[in-house]
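Keep in mind that this is a model prediction, so the values were computed, not measured. In listed order, ligands and their atoms are each counted from 1.
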Amino acid sequence: MFHTPVMPRPRKRSRPEEAGIARHEEAKFEDVRIFLVERKMGSSRRSFLTQLARSKGFIVEDSLSEAVTHVVSEDCQASTLWMWLRSRALRNLSMMHVLDISWFTDSMREARPVTVETRHLIQETSPEVTTPTPVATVSQYACQRQTTTENHNKIFTDALEVLAVSCEFNEIDGSCLAFRRAASVLKSLPWAVQCLRATQDLPCLGEHTKAVIKEILQYGRSFEVEKILADERYQTLKLFTSVFGVGPKTAEKWYRRGMRSFSDVLAEPSIHLNRMQQSGFLHYGDISRAVSKAEARALGNIIDEAVRAITPDAILALTGGFRRGKEFGHDVDFIVSTPEVGKEDSLLINIIESLKKQGILLFCEHQASTFDMSKLPSHRFEAMDHFAKCFLIVKLKGSQVEGGFQQMEEDNRDWRAVRVDLVSPPIDRYAFTLLGWTGSRQFERDLRRFARSERRMLLDNHALYDKTKKEFLEAKTERDIFAHLGLEYMEPWQRNA
Ligand code: UTP
Ligand code: MN
């Protein structure tokens, strides 16, 4: 820390456009204009350093503009800083010095701007990265982009999601995927897009997407998206597909037959609902409401107890969105297995029996395994996996949840219904299943696309096949799979593509 006392902030002059220069009466170094990057540094330290520098006659700009000559950052990751700088679309960025705090402290000590040396520079390509691509480049593959649950571009990705769903309803698969890819790229950015120029070097952003971004930047909304949201067919299909067991095909069929609401569907005698749909309507209020982390943990305890009563050495893992660190989910996903191959067969049946006995199983669809290693590798893209699985609706009591329910249930019930999915692969397939079920969907899509296009390999929830060597690559952990693919390992919480 500096021992120089904090100077009182000099009074502002009347011309605000010169505020940065004018704040100090005697700017001694006219051709050096410093900008302090606030992130990591924090605002109080930043204002302290600003005042210190100004007291020594330095010009410190309040905002980053093309007038700045020296950008100073503290403890900032080089790639993140550079990505942010690039997003500002400054024409003279290449002329600016992007510097570590050491340049600033040296300058303060000497009370003059010291000559910029290599050791002061924050370089765009950090030396420890061995890949030939510069760090600032955003990959076209989600499996090469870290994406946390923090989305800085929600305003754009929400709009793109509406467009993607609309395409899905109209069976325009190519455009649907294009919008999803674009949204996924935007989700991975550690900064918010503030001008169209910031998107110019990003992959997967087509003309249509850019037009939508431009509209939102300009007007705060997209008129195309608003038109879709107001469209009766879109609204109805969205409503119908929100029911457990109702896909776009069924929703479309009901829409064509003139139905617009749940009561229309339920009042129509010629419509036969399958078991899943019946339960979907019956528990609609509960299961259309998000599941919290605490509720997911409570279900983990229930399943764990159920499985361990008969198979003490069973392996149980939470997967899906909650494993990626999401706060809320639409369901809770688990993988169960046994240390010995073949013993996993009875696991799901035992769990189901136990839940039934406890009187907490509201719905169950069990699918026996159709897994056959000799039928691999599968060339079918995005096909469902063949492991034994079950789709459940479970009754969860408030008393089982840490902190109870956030919200009182309707009609004063002390329980709510929750959707739970279980999958049970043989242990030698466990890593592939865990990777596949952890998601996100877009992350998985791009892992498979990367494997196929960049490595001539086929990846799915069962296995990884090397087409060049004509052999299966074994894996005990997710890390093994990333290593086989020549990809840097990504933690689950970085897979929210
Ligand atoms: P989910 O649909 O549960 O998504 O599938 P999620 O990421 O957990 O999000 P929310 O919060 O519940 O909405 C989880 C993962 O499991 C895979 C999906 O592809 C997804 O990546 N999955 C699901 C399969 O591989 N096979 C299945 O049969 C079902
Ligand atoms: Mn899920």
Side-chain angles (χ1 to χ4, degrees), residues 142-143 147-149 151 157-158 161 164-165 168 177 180 183-184 187 238 241-248 276 280 286-297 299-300 303 317-337 348 364-371 376 378 380-394 396 417-425 429-451 458-464 478 481 490-497:
C143 52
T147 312
T148 64
T149 52
N151 179 2
T157 57
D158 282 351
E161 177 62 19
V165 171
E168 206 170 5
L177 196 59
R180 291 237 154 91
S184 176
K187 279 186 194 171
K238 192 82 189 157
T241 53
S242 74
V243 179
F244 177 48
V246 181
M276 205 180 244
D286 278 6
I287 60 183
S288 61
R289 226 176 55 225
V291 183
S292 72
K293 228 186 223 176
E295 289 166 346
R297 263 196 303 266
L299 279 153
I303 305 287
L318 180 67
T319 87
F322 287 109
R323 183 162 181 250
R324 301 196 307 273
K326 274 175 55 171
E327 291 294 328
F328 294 96
H330 97 283
D331 66 355
V332 194
D333 309 283
F334 295 100
I335 302 188
V336 272
S337 192
L348 295 184
C364 169
E365 179 168 304
H366 175 246
Q367 294 180 354
S369 169
T370 55
F371 175 62
L376 295 181
S378 163
R380 275 173 54 216
F381 196 48
E382 277 195 44
M384 286 274 264
D385 65 58
H386 295 276
F387 302 124
K389 58 176 77 70
C390 56
F391 309 110
L392 313 176
I393 299 178
V394 177
L396 179 67
V418 183
R419 277 267 304 111
V420 175
D421 286 346
L422 302 173
V423 62
S424 131
R429 306 290 106 209
Y430 181 85
F432 298 101
T433 317
L434 182 63
L435 181 60
W437 279 67
T438 297
S440 70
R441 221 150 245 172
Q442 196 58 37
F443 188 88
E444 302 301 324
R445 266 189 209 123
D446 278 5
L447 257 183
R448 281 156 212 210
R449 191 163 64 92
F450 178 88
L458 295 171
L459 172 72
D460 61 18
N461 289 2
H462 314 101
L464 177 62
E478 287 178 317
I481 304 171
M490 259 200 233
E491 298 288 351
W493 51 268
Q494 296 170 325
R495 302 182 204 160
N496 287 285

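Protein N/O/S atoms closer than 2.8 Å to the Mn ion (ligand 2), listed by chain and residue number, are D331 OD1, D333 OD2.
Contact residues for ligand 1 (protein heavy atom closer than 4.0 angstrom to any ligand atom): G320, G321, R324, K326, G329, H330, D331, D333, M384, D385, K389, G436, W437, G439, S440, R441, E444, N461.
The distance from atom CG of N151 to atom OG1 of T157, rounded to the nearest 0.5 Å, is 4.0 Å.
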One pair to check against side chain to side chain contact (heavy atoms under 4.5 Å, CB included): E327 and T149. What are the steps and the verdict? CA-CA 9 Å; E327 291 294 328; T149 52; over 6 Å; no
Verdict with supporting geometry, T433 and D385, side-chain hydrogen bond (donor to acceptor under 3.5 Å, both in side chains): CA-CA 9 Å; T433 317; D385 65 58; over 6 Å; no
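Between F371 and F387, the ring planes are tilted. Angles from 30° to 60° get that label.
With salt bridges taken as basic N to acidic carboxylate O contacts below 4.0 Å, one links E478 and R495. The pair E161-K187 fails the salt-bridge criterion, with no side-chain N (NZ, NE, NH1 or NH2) lying under 4.0 Å from an Asp/Glu carboxylate O.
Side chain of S440 to main chain of A497: a donor-acceptor pair is present (N/O by atom type, distance under 3.5 Å, no hydrogens or angles). Of the possible polar contacts, one joining the R419 side chain to the L392 backbone as a donor-acceptor pair under 3.5 Å is found.
No side-chain heavy atom of E444 sits less than 4.5 Å from a side-chain heavy atom of D460.
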